[in-house]
Amino acid sequence: MLSRPPAPPMQPMAMASRPDWDIFCKVIDNLGDIGVCWRLARQLAGEHGLRVRLWVDDLESFSLLCPQLDPLRSLQRVLGIEVCRWATLFPAACPARVVLETFACRLPVSFVERMAQQSPSPAWINLDYLSAEDWVSSWHALPSPHPQLPLIKYFFFPGFSADTGGLLREQDLLARRAHVAANTELQIGVWDEVGFAPPPVGTLLISLFAYENPAIGDLLHAWESSDTPICCVVPLSRTLAAIEAFAGNRLGAGDSVCRGALDIRILPFLEQSRYDQLLWLCDLNFVRGEDSFVRAQWAARPLVWHIYPQENAAHRVKLDAFLALYCADLPTTSSAVLREFWQAWNLGRITIEHWRNFAQSIDRQRTHAQRWAERLARQDDLCTRLLCFSRSLL
């Protein structure tokens, strides 16, 4: 049998000492996976003083979220995080004390073999996707022994209850949100950075971040005939083609479209902290995937979630599970309106009646969103729970 050629040695910076945490991430085209990993890595390093090494297979896409990153460098330190390119030919890196495999990205075989050679072996955890489904709590923290090596991988599920892995939330997040909400100059500064003036008082401010959706054009038409002025801010994303079709021309960052009651503003792709601030300023946030979905909940504003589509409509089960949880304390009428709008949005079938009913309930939804965020904030955050769990394994 042919033996595997030896892996090239890691450069001195990465091999200087054994890190506390290795985080492995494969970037998908929607950036949700790396968005979660980057927030977690910064929290582990910044709040807990840990040495974190982040392995990423696509540094060019990652640089959209992190402008400080040089996508041409395979090894660099960014905001206190050691960022390494996850190449096909993996280097001979010494595994950290905790190895976090995110979203079933499958660690390099050579690295797993080195994990097995460590004594004691690292705590090996797979951080899975967020879900509100009932089975999550029973599967959370379960072990999975390696079939050949003396290693055990544990599955860690984020969630909304105390018996799951919790949600990402920095220690100062809610304080920063309150500070921006109370400071008009800071709010104006947010607008200055994205190249627009604040919308007029009395305007309904909506952020739109979604996957491709045939309902976008219908929604924009409903907004242009609104009785209330609407300003829709759109970070550059996969919604742009539908907005260009509505406008009838090509658009880019800094462009705007005014039709009827609707003012559309195209923003540049926003770094994570700037996007968080945008969510805090808006009256309603359309979000997608996982990272922006969680951040919209911490914004304590009404939201609409475009869940990532899966084969055989498996995502619809996840959507229903969250709606059942989120709407449990809403009055019957408000719950029905919210459910109907979210379902229609995810089916790509929005009507003007859908929007009118939903718009009439926004004030009640705002109160509910604030209470929901307060309730979640009483639980430990995901980073804290991960740390406690990993220490129990070491």
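None of these values were measured; they are calculated from a predicted model. Along the sequence shown, residues are numbered consecutively beginning with 1.
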Assess [X] against [Y]: is NZ or CZ under 6.0 Å from the centre of the six-membered ring, and within 45 degrees of the ring's axis?
X: R259; Y: F246; value: yes
X: R265; Y: W191; value: yes
X: R238; Y: Y211; value: no
X: R169; Y: W298; value: yes

* Is the H140-F155 ring centre distance short of 6.0 angstrom? ->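 No, too far apart.
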Compute whether any side-chain donor of one residue and acceptor of the other, for [X] and [Y], lie under 3.5 angstrom apart.
X: D381; Y: T384; result: yes
X: D291; Y: Y275; result: no
X: Q272; Y: R42; result: yes
X: R301; Y: Q365; result: no

* Are E244 and L240 side-chain neighbours, meaning at least one heavy-atom pair lies under 4.5 Å? ->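 Side-chain contact under 4.5 Å: yes.
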* Side chains of N126 and F156: closer than 4.5 Å at any heavy-atom pair? ->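 N126 vs F156: side chains apart.
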* Which distance, rounded to the nearest 0.5 Å, do you find between the CG of N357 and the CZ of F341? ->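 It is 10.0 Å, given to the nearest 0.5 Å.
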* Minimum heavy-atom separation for W223 to C232, with atom names? ->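 Looks like CZ3-SG, 3.6 Å.
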* Might you point out which heavy atoms bring S61 and D58 nearest each other, and give the distance in Å? =>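 Scanning both residues completely, I find the closest heavy atoms to be OG-OD2, 2.6 Å.
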* Please state whether the rings of W86 and F24 are parallel, tilted or perpendicular, taking 30° and 60° as the class boundaries. =>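 The arrangement is perpendicular - the two ring planes meet at more than 60°.
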* Is there a donor-acceptor contact under 3.5 Å from the side chain of Q76 to the main chain of D70? ->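 The answer is yes, because a donor-acceptor pair under 3.5 Å joins these two groups.
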